[in-house]
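The structure appears right after this line, and notes come after that.
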Amino acid sequence: MSLIGGIRPPIAVLSVLLLTLAAITALVLGRIDNAGVPKAVLTSQQHFAEDGAVALRASIDESVTDVTRSAALFSAGQPVSGDAVLDKLGSSYQKWAGAAVVEIRSGKLVAARGETVPLPSVDISALGGPGGLTPRTVRLGNGEVRLLSFGLLTWPGRPQLLLVTSSNLKLPGISVGRFRSIAVVDRTGTILSSDGIPEPEQVSNKLDRKAAKASQAQLTDFARTAARRGTRDPRSGREPGMGGYQGVSGSLLGGHVLSDRSVAGYATLAAPQPGEATTAAGLGLSVVAMVQVTEESTGTASPAFGLFAGGALLVVGALATAVLLGTVQRPLIRLFLESRRLTRGDLTRPVTVPGHGEAHRIGAALDRLRRQLLGETPEATGTAPRPRGPRRVGIRALLAACAVLLLAWSAPLMLLLNRADDSVVVPRQLVSDQRERTDTLSDRVRRALNEGDADLQSVASLIGNRTEPAAMNAVLERTINENQRYRSLYVVDSAGVIQARKGAAPQVVQAQRVSDHPLRLLGQGGRRPVVVGAAELPGRGGARLVGEFRVEFFNALLNRPGLGVVRLVDDRGRVIAGNTGFLAFQALPDERLKDLVEASAQPLGKKPRASGVLYRAHGVRIAAAAPFSGSGAAQPLGWSVVSWQPVSRLAIPGYESQNRTVLAGLLGGTAAVACLGWLHIVVARPLRTLADRAEALADGDRKTVLFPQHHDEVGAVTRSLELVRQQLQSRRRQEPGHTPAAPYRPEQHSRN
């Protein structure tokens, strides 16, 4: 018989699938992995560490780029003193702990600002070699770590100078909350900097000192594990379907600190796009974020439901299989055997006719054909009686009954049982993580705007009153190539007339190009928001350097996994950017979100703070809003970042149980539809056609040739009927009035 044809393979596959599904259902339904610490909490810590790694990577790369670009711009202009270089850098950027200018040939310190730069750790003689100006980390005598960045100051006829900046490896703008600690780790698992855990001497009571020591020990252990796992290939270390982050990231489950459980996320610093290489990504750093969570028993992990559902499937599957074997397979095989008996010439015994359906019609036709082979005429054998009562039940009705039987088990699982309602238990840590991650994202957008303003201020300060338009174009081209945040850069005079431009055509009309505000939002009522920065050029009578930000730049900043829908809104709550499709300046889709944004924007003490809330009405979901709360040019904008997501998408016990139940129902329904549909295609349809042809042959049709469609039981019965037709046609030719024909010799057929 054919491998995919016949009556046996579909029934056998259906039986195996139902038996396997019953076992899986009994073992999986009611069992929740990490019930004390839901998987959603672990995944949230992984995303938190990824946020920290992204922020640290962007901060380091921007710092290095600012140093090298500033040095190149200084070198392109007139020679200035080391003190002037550091003064101009300090007026534009406040990101470095210390800065110094050193004469390379003699090693003499020319100028310095801020904390002492660890120059003795720099081998000046090796700066001219390959990778000599690559940023590097150095450890100070007090154990702290600094990142040194370098830039060359070169003027004709002047000694070559080295610009060195020193910055710490603290994570910028990461909201850790009250119970979280975060650390930067090197390749060996050594903690370079950390935040969130107080030193034992900083706490007053013995219990807190004990908790601080235990937390520090746990963080150290997590750091070693993260460094070891960080050496893996990102593609092999990522779970299937995770996607998103380009580096190695994951979550860790630790021991208990007092009554709480330690969980952590880790992420290596990686380039934003595959195949790219950045300075920060090459430093071998990782970020580890640890938090203490309370283990909660949700009460959903009970094996009784799974055992009951698996047992019910065994009963239903056994009943459906018995129906298929007894009413479909056995009659068809009996017809196959009876038809072969007739072709062998055994005509003395009547044909055993099945009790119903197409098999009954074919069996009755075979018995009439047997009598015709014995010499009776088609008229003498009568016509095919019309089935009545149970005999009318055909194979399609039997398959439909089996489908209803199996779907009666699957449908309740898909639609009714184990449903999570509005009272589902949502871990408090998820609400806190949503709030803190949204606050981190808000701070990152604010810092990006401040960085853009600082870049404009720095470039504007280097364009002197004698700079020609050609030189301006060169400076603008270099700046826009190194900063992907701008879509257009141009210099305008006091009337707004463009003197030099690079990038796309300006979206700001001439009358609005000159303003005393460093950052503005324009384009209200249009299809695209226009974020504009401006910096006055010294000595040019009110001329300004104007930069238009790319909306896609803000969209990319907001695109973080695990936060759901994220929107950047202005001081009126109108949407400026988002991680999914949006309409410019549209309102937020829910009044509760608008109220949340307004409430978070209210000062709490000296500044506003992020807010997070769990909504249970009209679907359970988590939402958070975080206003700009830091300093800088972006602070007066009054913007906020708001995020929300349905809890049903999170891997918490209530929804995990619901999803597994739905999956079991889908698998059961799929198995039933696939196997019964298989039976309908390869058995039911050919069998109905065969029944019509068998009755026509018994009624006297000797001209229609019967061809088998498949090499299976139905095909075998068809071949036997064709042999019977040939025998009857041969007998008819031998009757008086017909030309004599050679006696019929049955062909020899091998058993299928």
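- Of the N and O atoms on the side chains of Gln160 and Thr154, at least one donor lies less than 3.5 Å from an acceptor on the other residue.
- Across Pro529 and Leu521, no two heavy atoms sit closer than the pair CB-CD1, 4.1 Å.
- The closest donor-acceptor contact from the side chain of Asn579 to the backbone of Val565 lies at 3.5 Å or more, if one exists at all.
- Of the inter-residue distances, the one linking Ser631 atom OG with Lys607 atom NZ reads 9.0 Å to the nearest 0.5 angstrom.
- Ring centroids of Tyr486 and Phe549 are separated by less than 6.0 Å, placing the two rings close together.
- Under the side-chain hydrogen bond (donor to acceptor under 3.5 Å, both in side chains) criterion, Asp493 pairs with Gln499, sequence neighbours left out.
- Between Val101 and Gly82, the closest heavy-atom pair is CG2-O, 4.0 Å.
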Would you check, one step at a time, whether the test side-chain contact (heavy atoms from CB on, under 4.5 Å) holds for Thr190 with Val185? CA-CA 5 Å; Thr190 303; Val185 182; 5.9 Å; no
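- Between Asp433 and Arg180, at least one side-chain N (NZ, or NE/NH1/NH2) sits under 4.0 Å from a carboxylate O, which counts as a salt bridge.
- The distance from atom CZ of Arg139 to atom CD of Glu144, rounded to the nearest 0.5 Å, is 10.0 Å.
- Under 4.0 Å is where a charged nitrogen must lie from a carboxylate oxygen, and between Glu62 and Arg447 no such pair does.
- Panel note: side chain Ser249, backbone Tyr245; no donor-acceptor pair is recorded below 3.5 Å.
- Within 6.0 Å of CZ on Arg478 lie more than 12 heavy atoms contributed by other residues, nucleotides or ligands.
- Here the shortest heavy-atom pairing between Leu56 and Leu169 reads CD1-O, 4.3 Å.
- Summarising the geometry of Pro627 relative to Pro608, their closest heavy-atom pair is CG-CB, 3.6 Å, with the distance given to 0.1 Å.
- For Val508, the side chain to side chain contact (heavy atoms under 4.5 Å, CB included) partners two or more places apart in sequence, or in a different chain, are Tyr490, Gln512, Arg513, Leu522, Val530, Val532, Glu548.
- The shortest non-hydrogen separation linking Thr188 to Ala227 is C-CB, 4.1 Å.
- Side chains of Thr580 and Arg567: a donor-acceptor N/O pair is present below 3.5 angstrom, by distance only.
- Applying the side chain to side chain donor-acceptor pair (under 3.5 Å) definition to pairs two or more places apart or across chains, those involving residues 66-89 are Asp66-Arg69, Asp66-Lys95, Arg69-Tyr93, Arg69-Asp455, Asp83-Arg113, Asp87-Arg113.
- Side-chain contact annotation: Trp96 with Ser63, donor-acceptor N/O pair under 3.5 Å present.
- In this model, no donor atom of one side chain and acceptor atom of the other lie less than 3.5 Å apart for Asp51 and Thr440.
- Between Arg105 and Glu103 no salt bridge is recorded (no basic side-chain N to carboxylate O distance below 4.0 Å).
- Judged purely by atom type and a 3.5 angstrom limit, Asn481 uses its side chain to pair as donor or acceptor with the backbone of Glu477.
- Ion pairing between a basic and an acidic side chain is recognised when a charged N comes within 4.0 Å of a carboxylate O; Glu115 and Arg146 show such pairing.
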